[in-house]
Amino acid sequence: MNNTRRLLLVILLIVETAIARSQNLSWTETAPGVWKVVAGQPEAYDLIKASGATPNKEALAAIAQASFPLSQSDISIKVVDGKTYLRFPLQKEEQLYGFGLNFQTVHQRGKISQLHVDHYGGKDNGRTHAPTPFYVSSKGYGVFINSARYLNIYAGTAVRKDSKTAPVVKDRNTDKSWSSRPYSDAVEILVPAAGVEVYVFGGPTALDAVRRFNLFNGGGCLPPRWGLGFTQRVKSLYTSEEVKKEVAAFREKGYPLDYIGLEPGWQSKSYPCTFSWDSVRYPNPAGFVQELLKENIRVNLWTNPYVSPDAPFYKAIIPYSSSHTVWNGLVPDLTMPQARTLFFDQLKSNQVAMGVSGYKIDEVDGYDHYLWPDVASFPSGITAEQMRQTYGLLVQRYSEEIYHQQNKRTFGLVRASNAGGVSFPYVIYNDYYNHEDFITALINSGFSGVLWTPEARASKTSEEWLRRFQTVIFSPMAMINAWASGTKPWSYPEVAEPIKQLALLRMQMMPYWYSAFARYHFEGIPPFRAMNLEEGFVPEIKKESGSANLEENPYAEAVSKEIKDQYMAGDYLLIAPLFAGQQTRKVVLPKGKWYDFYTGAFVGDGQVITVTPGLDKIPVYVKDGAIIPMMKPLLHAPVAGERVDLTVRYYGEKPGKYMLYDDDGETYNYEKGDYSWREIKVEKDKSGKLKGTISASVKGKPNTVGNVTFEFMTK
Ligand code: GAL
């Protein structure tokens, strides 16, 4: 190398470092507790643009104040050769959560992945239905990369020669503690674009960081009340008569049902789809939908978005579709208004207008062998990769818009989402069927701004059926998906009765679920979430034989055991499912007193308990001072404005306080302030007797609360 070239290189390096430095310094607080930096030239299309998410700044401001949670000088952002290189520091006892809807692990430190929308293929490698580029730290902050690209993540795996906390070099010949994975002190991310927006969310707690992320994306969805009831999806080729018979069977047998899902057979052709009713199986669709609506049963329709040559708008949408097809169907470029109008007008006029309550939007995730390839092009100029990362967002956003325009809430299913989709009223599902992993996904959904259902389809044994059903009831969407199996809740006679009792319990708990979702919407608290977000939760520390403890060993990673089979539901409940074959399990109770949900008895305080609940029970534990509002086991959710008597359960001995959310349950009027929170309290009176009160209904606001009685569970 000659001197001039050397000089040029040095200058280049200095300039590069200067750019990197100046970028590190330009963090701006864009919303309370949310800091943003713009590196290089971000692309015009990103996750926030695709979803249209807007921050709820007022709600963000209501969280305890936070200061920038990281050392800014330890963050490095560089744009080199058309790519952006990000680095964030890690401390030695720090654990990471998130990076999307993972199915097998909660702890993400030490993982390498490429975030890529896909169906879940059995490995936590970044390919999943919602690979949200957001992570949360146990130190109480979060980081979000607003990119619609496939991102390479090194979550505390790589070691730099300039690391301030470099691991000790060890000799493998002689040192048994040599490791192929030496300690790493950074999260490093490669963004394949010459710039990107990065957001840091303050705490102070990890839950606060999650809340900020959710609220920054508009807050969680608030489903209609009926969305939190029970839903059954029927066999693919059912006719309207068969569906009506099934609905009647639910009623006659006394199993609750709020909405019924029709699978591909409602359409005249599917894969690709016509988006039109099949005239043989559904000769009078409007009459059918209306008849069910009269019985308080809503209809949800399966579809994928790939357009059949027999769809009424096929020809018109050709110019607004991708270069490549999926199952020979056109892929609408949903970033273009022309495509959206053609596509969604068909759903609106042909289905929503007659009263269809929502959709299950399938196949917007993957699989590479049938989805459009990365070399496909779209007329808007959005690349195939960006479209892959955001198609789930687009279908949610614009289908929900139809319902918004009519001022009717919807609640449906989708198989792909991403950051920005927090407020969409859709629940993710898939074709995988490992019960344990379904629960881990439910836990991780709370770190990713999405909802997940551990749907039950069929089971090898009645035991498995009951165990799966128990978790379905304690999830965002209580559903049997019988599209292939044709199962019903009563299909396994030995457990038909406990299944019924569980389905009715779901209905009884509707006031609790509804307020939990209101918290998701207004406060950003995920209704279903990891133990790691719970105050007082201390996972068991794994004692590795021969290894020094954390304090003595400066290079030891956080080695706490991950808890991926128990989770929090709403404010007060800890759910500890059992899986087929299990009779006994351990439950890690956070600090504080915990009580049995069914009996009110004290079970433990900050300890690990072993429980043998029997087949009919899913272990559920309640925090001290908990207030759980419940209603009668109705067979359908209360309709708009219907008054319902409440039985308020109280557990433990601490004074209890709970905010009960109320609105009409069906419209978007809550967005205009038509809602109320009523305070429920339980305290001891002068004589030491427990007494419960509820604040008066708020004048001029919807009031669906009838008589309130209190049940003191802990004797
Ligand atoms: C699958 C989907 C199933 C079911 C099926 C119908 O892609 O995951 O839940 O809807 O399609 O063909």
Side-chain angles (χ1 to χ4, degrees), residues 226-227 229-304 308 310 347 350-363 410-413 429 431 433 453 455-459 462 465 468-469 472 477-493 495-496 499-500 503 506-507 635-637:
W226 58 259
F230 188 77
T231 182
Q232 170 84 12
R233 303 200 69 86
V234 301
K235 238 183 153 170
S236 221
L237 294 183
Y238 259 29
T239 64
S240 53
E241 287 312 307
E242 287 170 311
V243 176
K244 284 195 270 180
K245 255 204 232 151
E246 181 136 331
V247 168
F250 269 80
R251 190 181 48 237
E252 282 152 21
K253 292 175 188 289
Y255 286 76
L257 182 65
D258 266 296
Y259 47 122
I260 193 137
L262 310 189
E263 288 287 318
W266 72 271
Q267 295 195 40
S268 54
K269 289 184 180 169
S270 69
Y271 295 86
C273 295
T274 57
F275 312 97
S276 306
W277 293 88
D278 182 76
S279 60
V280 177
R281 289 183 288 272
Y282 294 85
N284 175 11
F288 163 76
V289 171
Q290 282 303 317
E291 200 180 316
L292 291 185
L293 269 179
K294 279 198 202 103
E295 296 183 46
N296 287 314
I297 307 289
R298 274 135 176 117
V299 172
N300 175 289
L301 298 178
W302 171 98
T303 198
N304 65 47
S308 156
D310 291 318
L347 307 194
N350 193 249
Q351 298 123 43
V352 181
M354 64 175 65
V356 164
S357 75
Y359 290 89
K360 166 178 173 177
I361 308 175
D362 206 23
E363 304 288 0
T410 180
F411 199 46
L413 292 142
Y429 64 96
D431 285 335
Y433 203 47
T453 172
E455 64 175 38
R457 280 173 227 146
S459 297
S462 55
W465 186 244
R468 284 187 180 272
F469 203 88
V472 153
M477 188 180 271
M479 172 168 73
I480 291 178
N481 178 12
W483 75 276
S485 58
T487 49
K488 331 272 178 237
W490 52 85
S491 286
Y492 299 77
V495 295
I499 294 266
K500 186 173 169 177
R506 170 79 180 192
M507 299 307 286
L635 294 187
H636 317 288

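Atom set for the values below is all heavy atoms of this structure, side chains included, hydrogens, waters and symmetry mates excluded. Nothing here was measured: the structure is a model prediction, and the numbers come from that model.
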Which pair of heavy atoms, one from [X] and one from [Y], lies closest together, and at what distance?
X	Y	result
Gln267	Thr303	NE2-OG1, 2.9 Å
Cys273	Trp302	SG-CZ3, 3.7 Å
Ser459	Arg468	OG-CD, 3.8 Å
Pro264	Ser270	CB-OG, 3.6 Å
Met354	Gln290	O-NE2, 2.9 Å
Trp465	Pro489	NE1-O, 3.4 Å

Exercise for review: Answer whether the closest heavy-atom distance between the side chains of Trp266 and Val234 falls below 4.5 Å.
Suggested key: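 Side chain of Trp266 against side chain of Val234, heavy atoms only: no contact under 4.5 Å found.
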Point to revise | Ser279 side chain reached by Ser268 side chain, heavy atoms, under 4.5 Å | key: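 They are not in side-chain contact.
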For the [atom1] atom of [X] and the [atom2] atom of [Y], what is their distance to the nearest 0.5 Å?
X	Y	atom1	atom2	value
Thr453	Ile480	OG1	CD1	10.5 Å
Lys500	Trp490	NZ	CH2	10.0 Å
Leu413	Leu301	CG	CG	12.0 Å
Arg298	Asp258	CZ	CG	7.0 Å
His636	Leu257	NE2	CG	7.0 Å
Asp362	Tyr271	CG	OH	5.0 Å

**Study point:** Aromatic contact, Tyr282 with Phe288 (centres under 6.0 Å)
**Key:**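 Centroid separation for Tyr282 and Phe288: below 6.0 Å.
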Exercise for review: Please check if the distance between the ring centroids of Trp483 and Tyr238 is under 6.0 Å.
Suggested key: no
Point to revise | Residues Arg233, Ile260; criterion side chain to side chain contact (heavy atoms under 4.5 Å, CB included); working and verdict | key: CA-CA 6 Å; Arg233 303 200 69 86; Ile260 193 137; over 6 Å; no
Review point. Can a cation-pi geometry be assigned to Arg506 and Phe469, taking NZ or CZ under 6.0 Å from the six-membered ring centre and within 45° of the ring axis?
Key: no
Practice item. Run through Val356, Val243, Asn300 and flag the one making a side chain to side chain contact (heavy atoms under 4.5 Å, CB included) with Leu262. Key: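 Single side chain to side chain contact (heavy atoms under 4.5 Å, CB included) partner of Leu262 among Val356, Val243, Asn300: Val243.
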Practice item. Tell me, with the steps shown, if Tyr429 and Lys360 meet side chain to side chain contact (heavy atoms under 4.5 Å, CB included). Key: CA-CA 10 Å; Tyr429 64 96; Lys360 166 178 173 177; 3.5 Å; yes
Donor-acceptor contact below 3.5 Å, side chain [X] vs main chain [Y]:
X	Y	value
Tyr259	Gly412	no
Ser357	Val299	yes
Ser485	Arg457	yes

Exercise for review: Just do the side chain to side chain donor-acceptor pair (under 3.5 Å) check on Tyr255 and Gln232 with the steps written out, would you?
Suggested key: CA-CA 11 Å; Tyr255 286 76; Gln232 170 84 12; over 6 Å; no
Review point. Should Glu295 and Arg251 be marked as a salt bridge (Lys or Arg N to Asp or Glu O under 4.0 Å) after you check the CA-CA gap, both sets of side-chain angles, and the distance that decides it?
Key: CA-CA 10 Å; Glu295 296 183 46; Arg251 190 181 48 237; 2.2 Å; yes
Review point. Does Lys235 NZ have over 12 foreign heavy atoms under 6.0 Å away?
Key: no
Check your understanding: Which of these, Thr274, Asp278, Asp310, sits in a side chain to side chain donor-acceptor pair (under 3.5 Å) with Lys269?
Key ->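 Answer after filtering Thr274, Asp278, Asp310: Asp310.
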Exercise for review: Start with the C-alpha gap between Val352 and Tyr359, add the side-chain angles, then the distance that decides, and say whether side chain to side chain contact (heavy atoms under 4.5 Å, CB included) holds.
Suggested key: CA-CA 10 Å; Val352 181; Tyr359 290 89; 3.7 Å; yes
Review point. Among Glu246, Glu242, Glu241, whose salt bridge (charged side-chain N to carboxylate O under 4.0 Å, His left out) with Lys244 holds?
Key: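 Considering Glu246, Glu242, Glu241, a salt bridge (charged side-chain N to carboxylate O under 4.0 Å, His left out) with Lys244 is found only for Glu241.
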